[in-house]
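Worksheet for the structure shown next.
Remember, predicted model here, so these are calculated numbers, not experimental data. Each chain gets a letter, A, B and so on, in the order the sequences are listed, and its residues count up from 1.
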Amino acid sequence: MQDELRSRVIDEPGPEAPATVAGLDVAYSPDDTRLAAAVVVLNTADLSIADTAVVRGVPAFPYVPGLFAFREVPALMDALERLTVRPEVLICDGHGLAHPRRFGLAAHLGVLTDLPSFGVGKTRLVGDWEPVGEPRGARSALIDGGETIGAVLRTQSGVKPVFVSTGHRIGLDRACELTLRLAPRYRLPETTRAADRACRDLLS
DNA sequence: GCGACAG
DNA sequence: ATCTTGTCGC
C-alpha cells in the first residue's frame, strides 16, 4: 500500500510564505487502549492559534516501525475533517520521506489530504549523517542508500537536533526554514508543542 | 544469528 | 508513545 501511494507524492518547492501551518500529534493512554489525536492551526505571523480539532479514538494498528502511519492516520484524518480553517501546510510528529520505503506518516497524510506536508521527528528511523554544527540553524544531510532523504537540523544551540523530511508538495529547504521559524525558543516547533498539549489534555 | 527500529 | 529517577539551569 505504501509503495502504491508513494507514486502520488508531488515534489515541488511549496508555499513561499504560508499564513497558516498545522501541527499534528497523538497521545495514548498508559494501557494503549485509547488515544487522542489533535490538529492545531497556527497563524505563522505571531504563532497564535487559529483553530483546534481534537478527537478520541483507538489505535488502528500496533506500533511497528515503518508502518507507523497505519496506527495514527485514521484518528488524525478524523481530526483534520473537523477543522474550520484549512491550513496551508501540515507539520507531522514523525518522518516524511525519511522512511524505509520513502513513505512515512507525513508523506501519507500529505497524499491523503493533498496538502503540503513534512515531518519533524525527534529520533531517526533510517539514514546516516555527519555531525551537525553547534549553532542554531546548522544542518547536516540525512542520507540513506546514497540519497538525501532529509536534514538533521539544530533548532536551538546546545540542544539535540531534530530530523526534518519532506512529505508532499514542499521542498526540504522550505521545510527547514519553516521549522526554524516555528521553533524560536524550544527544540520542537510550536505547532508540534501545541498539538501535543491539545491531545494530552483531552486524554486526561 | 545479531543489531536497529518514527511514535 | 508512557513511566521512572535523578540532575542541571533559569
Reckon [X] touches a base, only the sugar-phosphate, or nothing at all at heavy-atom distances under 4.0 Å?
X	answer
A:Phe68	base
A:Leu76	nothing
A:Ala98	nothing
A:Gly121	sugar-phosphate
A:Gly119	nothing

From [atom1] of [X] over to [atom2] of [N], roughly how many Å is that when rounded to an integer?
X	N	atom1	atom2	answer
A:Phe70	C:dA1	CZ	P	20 Å
A:Asp196	B:dG7	CG	P	12 Å
A:Gln156	C:dC10	CD	P	14 Å
A:Asp93	C:dT2	CG	P	10 Å
A:His99	B:dC5	NE2	C1'	11 Å
A:His95	B:dG7	NE2	C1'	9 Å
A:Leu24	C:dA1	CG	C1'	16 Å
A:Leu153	B:dA6	CG	P	20 Å

[X] side chain N/O closer than 4.0 Å to the phosphate oxygens (OP1, OP2) of [N]?
X	N	value
A:Arg124	B:dA6	no
A:Thr123	B:dC5	no
A:Lys122	B:dG7	yes

Check your understanding: Is the Lys NZ or Arg CZ of A:Arg193 less than 6.0 Å from the centre of A:Tyr186's six-membered ring, within 45° of the axis?
Key ->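 Yes, A:Arg193 lies over the aromatic ring of A:Tyr186.
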May I ask you to decide if the ring planes of A:His108 and A:Phe103 are parallel, tilted or perpendicular, using 30° and 60° as cut-offs?
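Rings of A:His108 and A:Phe103: tilted, 30 to 60°.
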Which of A:Leu35, A:Leu202, A:Asp78 passes side-chain contact (heavy atoms from CB on, under 4.5 Å) with A:Arg56? It is A:Leu202
Look only at the side chain of A:Arg101 and the backbone of A:Gly66, and say whether a donor-acceptor pair between them is shorter than 3.5 Å. yes
**Prompt:** Can you check whether A:Tyr63 stacks with the B:dG7 base, using ring centres under 5.5 Å and planes within 30°?
**Reply:** yes
(Q) For A:His99 together with A:Phe68, are the ring centres under 6.0 Å from each other? (A) no
Testing C:dC3, B:dG7, B:dC5 for proximity to the side chain of A:Asp25, the answer is B:dG7
